[in-house]
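Read through the structure below, which is laid out as structure tokens, and then see the notes.
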Amino acid sequence: MALFSILFYSACSKKDAVVPAPAPPATTILKDKAAFGIGAAVKSALLQGTYQTTVLTYFSQITAEYEMKMQTIWSGENNYNWSYADALVNFATTNGLNVHGHTLLWYQSFPAWFTNANYDSAAFESKVKVYIDAVVSRYRGKLKSWDVANEIFNDDGTLRSVNCPVYKTFKDPIAFYGRCFQYVRNADPDAKLFYNDYDVVIASSKRYSIKQMVSRFKNVGYPIDGLGEQFHYSINTDKTSIKSGLNDMATTGLLIHVSELDLKVNVTQSNTYVFSATDQQLQADAYQYIVETFEGLPTNQKFAITTWGVSDKYSWLTAGNAIEYPLLFDINFNKKPAYDGFLKGLK
Ligand code: 9MR
């Protein structure tokens, strides 16, 4: 009887073995293949037609290109214009997209009425706290993460002083930023809080200052969960720096966000530039390299990769009529080789 059973079951399993289930086709959709967020910066005015379909098909999260900046929302001391930010957040909620909030504090985005008031440090901070409370609590539970502060350092690691209202007002700007991270945490305890900047992987002095700030926050007890590196680079950006810089950022143990990725191809800014097949392939290779390098980070630190826009047609780099092709989709929303490079880079 036992022998019969063995023979019976082995015959069955042999039979099963010869009819393998067909392997599911490998997905070609970025958000489906990635184990982390795939983001796009969007503009609410463009969210219709093919632009909207492209966002919904390929991406899992969005960043507002300008709608959630202080200059857009804080129209007067007691006046808030929520219409643009609300539209984006409602769109995301309806369609199951995450929203990355960008950005609460940015030297370029303090409204004129605020900077013209020339507040002393106490008034400055209490107004900013009111703003943070209003914005962060309005979107509490709807946003997954916030860039709390953006671009506070120069590439040489010093604090940005030119046109920076925070620098002008505070003896110790870093301590002010730390308290702001705490205000955001208090207003939405579940949101992941990021510091965001550009050139982080290629400018080692800036990176060092960011890491020092993170250590200081940790020592004092100010909350911070992640670092964003914008990644506005080109097909010529040094790959060794990309790898060593990203790995160095990850030594903080924080979440890492490639937060504004785009890669220029017309590096000499020529008026007669033609996007050749060679450059299309170089761009695809560069996207692949960045995604592969990001994939090499510890699993629990891979927050998201966000491209700064969707189609080459509406990139901030082409807005001034420059000849550029920095994104994953061309002006007709067709996938570029860059898209395939990105896809190949995903594990
Ligand atoms: O791409 C954004 C552009 O549409 C806005 O007019 C501009 C000012 O709000 O900001 C651009 O986005 C910037 C981002 O917020 C911070 N990093 C650099 C980005 C490109 O300038």
Side-chain angles (χ1 to χ4, degrees), residues 41-45 63-89 99-140 142-143 145-154 158-188 191 193-198 206 209-210 213 216-217 222-224 228 230 259-260 308 316 319:
V42 299
K43 288 183 177 169
S44 49
T63 304
E65 211 169 325
Y66 70 88
E67 289 85 343
M68 303 188 97
K69 288 174 180 161
M70 200 186 250
Q71 218 166 45
T72 309
I73 293 179
W74 212 8
S75 43
E77 188 172 350
N78 300 306
N79 296 320
Y80 297 83
N81 179 357
W82 302 113
S83 55
Y84 299 102
D86 278 0
L88 273 191
V89 174
V99 184
H100 176 69
H102 174 83
T103 171
L104 293 165
L105 298 166
W106 184 27
Y107 75 102
Q108 278 192 28
S109 201
F110 283 90
W113 69 261
F114 182 94
T115 44
N116 291 342
N118 287 314
Y119 294 120
D120 64 16
S121 57
F124 188 114
E125 185 162 339
S126 72
K127 306 272 173 211
V128 164
K129 183 176 180 305
V130 168
Y131 175 77
I132 286 176
D133 284 345
V135 177
V136 177
S137 59
R138 184 177 185 88
Y139 298 118
R140 179 176 171 163
K142 295 184 174 167
L143 262 69
S145 48
W146 272 106
D147 285 334
V148 179
N150 188 44
E151 302 173 8
I152 75 169
F153 294 106
N154 297 308
T158 56
L159 278 166
R160 181 188 294 282
S161 57
V162 179
N163 294 329
C164 181
V166 174
Y167 187 91
K168 276 192 210 144
T169 310
F170 291 88
K171 286 205 186 78
D172 184 356
I174 300 274
F176 164 77
Y177 288 116
R179 293 191 294 276
C180 288
F181 271 78
Q182 186 65 59
Y183 301 147
V184 183
R185 173 69 92 233
N186 297 346
D188 183 353
L193 312 186
F194 283 78
Y195 174 70
N196 193 53
D197 212 326
Y198 60 85
K206 177 182 263 188
S209 294
I210 293 170
M213 178 176 72
R216 186 171 165 195
F217 280 15
Y222 294 133
I224 181 164
Q230 296 179 8
S259 57
E260 304 183 14
W308 204 244
W316 69 294

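Just so it is clear, the model here is predicted, and its values are computed rather than measured. We use all heavy atoms of the structure for the numbers below, so side chains are in, but hydrogens, waters and symmetry mates are not.
Heavy atoms only, all atoms of each residue included: Ile152 and Asp197 are closest at N-OD2, 3.8 Å. Contact between Ala85 and Tyr139 at its shortest, heavy atoms only, is CB-OH, 3.2 Å. Taking every heavy atom of both residues into account, Gln182 and Pro223 meet most closely at OE1-CD, 3.3 Å. Considering all non-hydrogen atoms of both residues, Asp147 and His102 come closest at OD2-ND1, 2.8 Å. Nearest heavy atom pair, residue Asn154 against residue Ser161, reads ND2-N, 4.5 Å. The minimum heavy-atom distance between Gly101 and Leu143, with the atom names listed, is CA-CD2, 3.5 Å.
Taken from CG in Leu159 to CZ in Phe153, the straight-line distance is 5.5 Å, to the nearest 0.5 Å. Note that the CE atom of Met213 and the OH atom of Tyr195 stand 5.5 Å from one another [nearest 0.5 Å]. For the atom pair Leu193 CG and Asp188 CG, the distance stands at 8.0 Å (nearest 0.5 Å). The CG atom of Asn196 sits 11.5 Å away from the CG atom of Leu104 when rounded to the nearest 0.5 Å. Of the inter-residue distances, the one linking Trp74 atom CH2 with Ser109 atom OG reads 11.0 Å to the nearest 0.5 angstrom.
No side-chain donor from either of Asp133 and Ser137 sits under 3.5 Å from a side-chain acceptor of the other. The closest side-chain donor-acceptor pair between Asn150 and Gln230 falls under 3.5 angstrom. Inspection of the His100 and Ser145 side chains reveals an N or O donor paired with an N or O acceptor under 3.5 Å.
Residues meeting the side chain to side chain contact (heavy atoms under 4.5 Å, CB included) test with Ser44, sequence neighbours left out: Tyr66, Glu67, Tyr84, Leu88. Contacts of Arg216 classified as side-chain hydrogen bond (donor to acceptor under 3.5 Å, both in side chains), with partners at least two apart in sequence or in another chain: Asp172. Applying the side-chain hydrogen bond (donor to acceptor under 3.5 Å, both in side chains) test to Tyr222 and every residue at least two apart in sequence or in another chain returns nothing. Looking at residues two or more places apart in sequence or on another chain, you find a side chain to side chain contact (heavy atoms under 4.5 Å, CB included) between Ala134 and Tyr80, Trp82. The ring-ring contact (aromatic ring centres under 6.0 Å, His included) test applied to Tyr183 returns no partner, not counting sequence neighbours. Asn78 pairs by the side chain to side chain contact (heavy atoms under 4.5 Å, CB included) definition with nothing, not counting sequence neighbours. With sequence neighbours excluded, the residues forming a ring-ring contact (aromatic ring centres under 6.0 Å, His included) with Phe181 are Phe217, listed by chain and number. Residues passing the side chain to side chain contact (heavy atoms under 4.5 Å, CB included) test with Ser83 are Asn81, sequence neighbours excluded. Every residue was checked against the side-chain hydrogen bond (donor to acceptor under 3.5 Å, both in side chains) condition with Asn118, not counting sequence neighbours, and none meets it. Evaluation of the ring-ring contact (aromatic ring centres under 6.0 Å, His included) rule for Phe110 yields Phe114, Phe124 as partners, not counting sequence neighbours.
Note on residues 71-88: pairs passing salt bridge (charged side-chain N to carboxylate O under 4.0 Å, His left out), not counting sequence neighbours, are Glu77-Lys127, Asp86-Arg138.
Looking only at distances, no side-chain donor or acceptor of Lys69 sits under 3.5 Å from a matching main-chain atom of Ala64. Judged by distance alone, with hydrogens and angles left aside, the side-chain atoms of Trp308 form no donor-acceptor pair with the main-chain N or O of Trp316 at under 3.5 Å. Proximity of a side-chain donor or acceptor of Arg185 to a complementary backbone N or O of Ala191 within less than 3.5 Å is detected.
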Acceptor/donor pairs from residues 162-170 side chains to any protein atom, 3.5 angstrom cut, sequence neighbours excluded:
{"from": "Thr169", "atom 1": "OG1", "to": "Pro165", "atom 2": "O", "distance (Å)": "2.6"}

